[in-house]
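Remarks on the structure that follows.
Sequence lines set the chain letters: A, B, ... in the order given, protein chains first and strands last, and positions in each chain run from 1.
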There are 2 protein chains.
Amino acid sequence: KSMFVTGVTYNKNVAKLGIFGVPDQPGIAYLIFKMLGDKNINVDMIVQSSMREGINDISFTVAQDDLRKALETIEEIIKVVGAKGYTHDPHVAMVSLVGAGMTSNPGVAAMMFGALADEDINIDMIATSDIKISCIVNNSKAETAVKVLHKKFNLEEAGCNKN
Amino acid sequence: KSMFVTGVTYNKNVAKLGIFGVPDQPGIAYLIFKMLGDKNINVDMIVQSSMREGINDISFTVAQDDLRKALETIEEIIKVVGAKGYTHDPHVAMVSLVGAGMTSNPGVAAMMFGALADEDINIDMIATSDIKISCIVNNSKAETAVKVLHKKFNLEEAGCNKN
Ligand SMILES: C[C@@H](O)[C@H](N)C(=O)O
Ligand SMILES: C[C@@H](O)[C@H](N)C(=O)O
């Protein structure tokens, strides 16, 4: 399969939050994002991977300005849904590879993760859709990540949008 | 913000796999998806949320035909990267809400999760991008999920693509 990777985007105005040990039952994700929405907190990336022993973790990103408000809301969320705890990191960036059929080609994800690994960049979070693979990395590594992805996928620097 | 939700898509040819307790250091995600790619296993959704105590979980979905091959590869992956274990479920479906500015509007995610909660549908995995929110649910609930999302977002049934 040919790869149609068309560009790289990145956003440094990102803070990540993770809520651990929420009960894995219907309605929990609704409660969490309803409470964040009621405070008008814009959430960007949301990821939840598989459950273990009836509990799950949900992570998401917000704009750095919303971090304080989001942390106050999380304290309430934990009491309402009965979670085990939370973590946050205000110094992260989202770096995304964009193109058609991104995930259907098994080599694209490995190439992206490999390019970051070559620069010793740790991947904090991952979310994919059919046209995009997004990674959360340390804020200080964003520019390096963008540069090595351009090189790895032979893209013009000009194709990069900062958002 | 107005919502530009344009449609619902779903795919029942989905199996999910989760690798638990991988070391959270550069190069691990690369190794996992390189090993899957070398066996030519098409991976669809990939999600990894926040790390805890230096370890992380990575979940992904494959086509049901690839599940057996993927499970054999995971056994090898666990030995190579030193993971704690894995889980899989061959009876899942991916249901996605598609539209512009999906995640920037805090209400959209809550409305989607709420519509599924109203039908007692548990959300196994979540991944978002700016134009799509995807949920993994039990295979037997896919049609109900699609129906209630059309209703909740006032969409025409005709707008639904099965892929
Ligand atoms: C953990 C959370 O996503 C839960 N499974 C729900 O459906 O709301
Ligand atoms: C867990 C895994 O994603 C690791 N953080 C990596 O960068 O490869």
Side-chain angles (χ1 to χ4, degrees), chain A residues 16-18 20 24-52 56-60 87 89 96 103-107 109-110 113-114 116-135, chain B residues 16-18 20 24-52 56-60 87 89 96 103-107 109-110 113-114 116-135:
Chain A
K16 74 169 181 167
L17 298 115
F20 293 124
D24 196 65
Q25 62 207 26
I28 297 295
Y30 165 69
L31 269 176
I32 292 170
F33 292 99
K34 171 99 175 74
M35 289 172 75
L36 289 161
D38 287 350
K39 298 262 175 36
N40 225 3
I41 297 168
N42 271 8
V43 170
D44 191 2
M45 185 196 244
I46 303 171
V47 293
Q48 174 196 308
S49 66
S50 300
M51 162 216 357
R52 244 190 307 180
N56 212 321
D57 304 336
I58 293 186
S59 295
F60 57 93
T87 170
D89 184 348
S96 304
T103 38
S104 54
N105 184 325
F113 301 153
L116 299 176
D118 290 347
E119 298 297 317
D120 217 29
I121 298 174
N122 195 50
I123 304 167
D124 287 355
M125 284 166 68
I126 304 168
T128 65
S129 74
D130 37 10
I131 61 159
K132 199 177 205 179
I133 303 177
S134 294
C135 291
Chain B
K16 74 169 180 166
L17 298 112
F20 292 124
D24 195 64
Q25 63 207 25
I28 298 293
Y30 164 68
L31 268 176
I32 292 170
F33 292 98
K34 171 100 177 75
M35 289 173 75
L36 289 160
D38 287 351
K39 298 263 176 37
N40 226 8
I41 296 168
N42 271 8
V43 170
D44 191 3
M45 184 194 240
I46 302 171
V47 293
Q48 173 195 309
S49 64
S50 300
M51 166 246 303
R52 244 190 305 181
N56 212 322
D57 303 337
I58 294 186
S59 295
F60 58 92
T87 170
D89 184 348
S96 305
T103 37
S104 56
N105 184 325
F113 301 153
L116 299 176
D118 290 346
E119 298 297 316
D120 217 32
I121 298 174
N122 194 50
I123 303 168
D124 286 355
M125 282 166 68
I126 302 170
T128 64
S129 74
D130 37 9
I131 61 159
K132 198 176 205 180
I133 303 177
S134 294
C135 291

For this session: Would you give the length of the straight line joining atom NZ of Lys132(B) to atom OG1 of Thr128(A), rounded to the nearest 0.5 angstrom?
Result: 9.0 Å

Seminar exercise, completed: To the nearest 0.5 Å, atom CE of Met45(B) lies from atom CG of Asp130(A) at 10.5 Å

For this session: Pick one of side chain, backbone, both or neither for Ser129(B), based on which atoms fall under 4.5 Å of a heavy atom in chain A.
Result: side chain

Exercise. Side chain, backbone, both or neither: which part of Ile121(A) has a non-hydrogen atom closer than 4.5 Å to chain B?
Worked result: backbone

Seminar exercise, completed: Looking only at Ala117(A), Ser59(A), Ala127(A), the option with the highest number of non-hydrogen pairs under 4.5 Å against chain B is Ser59(A)

Exercise. Highest number of heavy-atom pairs under 4.5 Å with chain B: which of Gln25(A), Met125(A), Lys16(A), Glu119(A)?
Worked result: Met125(A)

For this session: Check the pair Ile131(B) / Ile131(A) against side-chain contact (heavy atoms from CB on, under 4.5 Å), numbers first and verdict last.
Result: CA-CA 10 Å; Ile131(B) 61 159; Ile131(A) 61 159; 3.8 Å; yes

Seminar exercise, completed: Contacts of Asp38(A) meeting side chain to side chain donor-acceptor pair (under 3.5 Å) (sequence neighbours excluded), chain-then-number -> Lys34(A)

Exercise. With respect to chain A, which residue among Ile32(B), Leu17(B), Asp24(B), Ile126(B) yields the maximal number of heavy-atom pairs within a distance under 4.5 Å?
Worked result: Ile126(B)

Exercise. Side chain, backbone, both or neither: which part of Ile41(B) has an atom under 4.5 Å from a heavy atom of chain A?
Worked result: backbone

For this session: Mind ranking Ile28(B), Asp44(B), Asp118(B) by heavy-atom pairs under 4.5 Å with chain A and telling me who comes out on top?
Result: Asp44(B)

Exercise. With a 4.5 angstrom heavy-atom cut-off, which part of Asp120(B) approaches chain A: side chain, backbone, both or neither?
Worked result: both

Problem set entry | Largest heavy-atom contact set with chain B, pairs under 4.5 Å, which of Gly18(A), Gly37(A), Ser50(A) | Ser50(A)

Exercise. By a 4.5 Å heavy-atom criterion (distance strictly below it), what part of Asn56(A) contacts chain B: side chain, backbone, both, or neither?
Worked result: side chain

Problem set entry | side chain to side chain donor-acceptor pair (under 3.5 Å) involving Asp89(A) - partner list, sequence neighbours excluded | none

